[in-house]
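The sequence lines fix the lettering, A, B, ..., with proteins before strands; numbering per chain opens at 1. All of these numbers come straight from a predicted model, not from anything done at the bench.
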Amino acid sequence: MTQSEAEVRSQKVEQLRSQGIEPYPSESYQRSHTTQQVRELFSQPGKELNNGVTDPEELSIRVCGRITSKRDSGSIIFIDLKDATDRIQLKIEKKLVKGDPGIAFKQIEKLLDVGDFVGAEGIGCRTNRGELSIQVRELKLLSKATIPFPDAYYGVNDPETCRRHREMDLAGNPESFNRFVLRSRIVQSIRSYLCDAGFYEIETPVLQAIYGGAAARPFITHHNALDVDLYLRIATELFLKRAVCGGFERVFELGRVFRNEGVDSTHNPEFTSLEVYQSYADYFDILGVVEDVICFAAAAVFGDKKQIEYQGQLINLDRQYDYSEKYAGFSGKHWQVKTMVEAVKDETKLDFDVLELGDAIAAAEKLGLHLANLDKQSLGYVLYAVFDRLVASTLIQPTFIIDFPVEVSPLAKGHRSKPGFVERFELFINGTEYSNGFSELNDPKEQRKRFEEQLAQKNAGDDEAHPMDEDFIEALSLGMPNCAGMGIGVDRLVMLLTNTQSIRDVVMFPTMRPIKDGSNP
RNA sequence: GGGCGACUAGCUCAAUGGUAGAGCAGCAGACUCUUAAUCUGGUGGUUCGGGGUUCGAGCCCCCGGUCGCCCA
């Protein structure tokens, strides 16, 4: 019976040991250059190497990385070495490579494989065919790989393998690796923008006795020593606002939140949220912060380019609308802004400024909407249902929908001039929600009333209704400055900026169902 | 939750209901300039799991599993 590749590789580990070579050495490997730096070095004026020429200065170069390809041509072996910056070819000639210290030619030929990590010392050269290479004098094995490495040409295609074993995806698919590099840059740019704008980054509890700040079902866990059930947070909002009550005028938190809901291409049970709160501001001010953060993040990927492509759709991030005459104090250039009533009217011709509840329900159902009993309780619920299910998906270019019904916004401040509405916005791009924000409700008595209304909804069967939070009301009672806050779904933003269709490919290790044995149902 | 589709060698994929295959990787060998190296030879399978129909099932039917896409 023949051996699998994994068995052969494991056997090579033992062979190396028996030949005095440790496959997993402890010592650090000091490289002199990354592969990218090697390329830069030999592209400097006067340093270029002609084909077939070795560096006349004989500068010693030490690089390390992973073997991604190995081509044995008799007494000469070519290896592609990849590190986090680039790749470089190693040229290993039998007569030039030292076996001690280091690994001998025959051992390189027989015992090293694609996927292994090695360090190489040698001098720069360019092969007869023009490939910049390192003429290796000493090769050191740094770590042996004992299962097959992803195919050099095809990589790993199966989406399930890519997500369950992201390390294979990252190691074998450069576009995946680059996507996560971009994610890191995007997150970093958000952080640096906010810090530069005077916001403090703080950390609030993940384990909470009362969850809140969003309409969602929580994960429940148990604390043994205290013998209490705790919830994983569904949002960071309430604690951040308590920090504002305590005197932090500008705060933000970038962190994981958890929602116990289905998995699809835009929902992962744990995802990264950004929430930002700014004292003495209103929802127009914080709307501008949303634009700034997204544009700053976009610049980390695209530079000055404002036209980006997402799944074949051109998205224009240029801010070109002026609302200073329509809304007092709302200066500058912005993305499109529409009230929810306007957006619904534009798309469906229904004017919720004049509709009565009964007529609104009839009109909504005529448009094909199946309204639940909860949706039929008031005009605000019907308006929101029509918007959410018929209008939101039509908003392709960046659009802020402002002025939401109070019924669906228990934490937002009542509108300064429109009864029944709150000063709230959501940002839509390509039919998907990217951000939510509002002037924060800071009247503790009103907040209690809103929570009580939510409790009534919960009793009426809405399991996503907001629970009562006495600690939060007490914080508001101590006094919270007028302020505005916003949240951005960071994963969705990364999807937009990296043109990625599924949230599971911007979350490095997405939630996957454990594999069960299908023979025992 | 519903519908549609996928699952075959380590990887990427073939295979009218009739002997399970190819390329790459791996293995043995050749080769001093390759780069998806090349050449020669051989190895490699619980066709996702279970059941059924059939003379015969990777393929048809049923149950289950995982994943993907769409819908709610």
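Comparing rG64(B) with rG3(B), their P atoms are spaced 12 Å from each other, to the whole Å. Separating the P atom of rG42(B) from that of rG21(B) is a span of 15 Å, rounded to the nearest Å. Taking atom C1' in both rU12(B) and rA36(B), the straight-line distance is 13 Å, to the nearest Å. Spacing of C1' atoms, rU43(B) relative to rA28(B), comes out at 10 Å, to the nearest Å. Taking atom P on both rU46(B) and rG41(B), the two are 27 Å apart, rounded to the nearest angstrom. Separating the P atom of rC33(B) from that of rG45(B) is a span of 37 Å, rounded to the nearest Å. Straight-line distance between the P atoms of rC61(B) and rA6(B): roughly 11 Å, to the nearest whole Å. On the P atoms, rC63(B) is 42 Å away from rC24(B), given to the nearest whole Å.
The CG-P distance, from D80(A) to rC33(B), rounds to 17 Å in whole Å. If you take CZ of R166(A) and P of rC67(B), they are 14 Å apart, rounded to a whole angstrom. The nearest whole Å value for the distance from the CD atom in E7(A) to the P atom in rA25(B) is 20 Å. Whole-Å rounding puts the E160(A) CD to rU12(B) P distance at 12 Å. Atom CG in D151(A) sits roughly 17 Å away from atom P in rA22(B) (whole-Å rounding).
Residues from residues 492-504 of chain A lying near RNA chain B, meaning a heavy-atom separation below 4.0 Å, are Q501(A), R504(A) in numerical order. Residues of residues 368-379 of chain A that place a heavy atom closer than 4.0 Å to RNA chain B do not occur.
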| remark: With sugar-phosphate taken as primed atoms, P, OP1 and OP2 and all else as base, the protein-contact string of nucleotides 26-32 of chain B at under 4.0 Å (heavy atoms; B, S, -) is SSSS-BB

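As judged by a 4.0 angstrom heavy-atom cut-off over every strand, G155(A) is placed among residues touching the sugar-phosphate backbone only.
A distance-only check finds a donor-acceptor pair linking the side chain of K70(A) to the backbone of E109(A) [under 3.5 Å]. With hydrogens and angles disregarded, a donor-acceptor distance shorter than 3.5 Å links the side chain of R424(A) to the backbone of V408(A). Q311(A) places a side-chain N or O within donor-acceptor distance of the main-chain N or O of N499(A), the cut-off being under 3.5 Å.
Phosphate contact (OP1/OP2 of rG68(B), side-chain N/O of R163(A), threshold under 4.0 Å): present. Between rG65(B) and R513(A), no contact under 4.0 Å exists linking OP1 or OP2 to a side-chain N or O. Phosphate proximity of rC13(B) to N157(A): present, with a side-chain N or O under 4.0 Å from OP1 or OP2.
Considering only the side chain of R164(A), rU66(B) comes nearest among rA36(B), rC70(B), rU66(B).
By the 4.0 Å N-to-carboxylate-O rule, E5(A) lies close enough to R9(A) to be salt-bridged with it. By the 4.0 Å N-to-carboxylate-O rule, R166(A) lies close enough to D505(A) to be salt-bridged with it. Between E57(A) and K47(A) a salt bridge is recorded (basic side-chain N to carboxylate O distance below 4.0 Å). Between E342(A) and K345(A), none of the side-chain N atoms (NZ, or NE/NH1/NH2) sits under 4.0 Å from a carboxylate O, so this pair counts as no salt bridge. Taking a cutoff of 4.0 Å between a charged side-chain nitrogen and a carboxylate oxygen, E464(A) and R259(A) do not qualify as a salt bridge. A salt bridge does not link E131(A) to R126(A): none of the charged nitrogens lies less than 4.0 Å from a carboxylate oxygen.
Listed by first and then second residue, the salt bridge (Lys or Arg N to Asp or Glu O under 4.0 Å) pairs involving residues 32-44 of chain A are R39(A)-D86(A) (not counting sequence neighbours). The ring-ring contact (aromatic ring centres under 6.0 Å, His included) contacts involving residues 27-76 of chain A comprise nothing, where partners must be two or more places apart or lie in separate chains.
Remark: the D83(A) side chain and the T35(A) side chain contain an N/O donor-acceptor pair separated by less than 3.5 Å.
Side chains of S69(A) and R87(A) form no contact here, defined as non-hydrogen atoms less than 4.5 Å apart.
F387(A) and F352(A) have their aromatic ring centers separated by at least 6.0 angstrom.
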| RNA chain B base-pair string [pairs: Watson-Crick or G-U under 3.5 Å; |: paired with another strand] | (((((((..((((....[..))))..((((.......))))......(((((..]....)))))))))))).

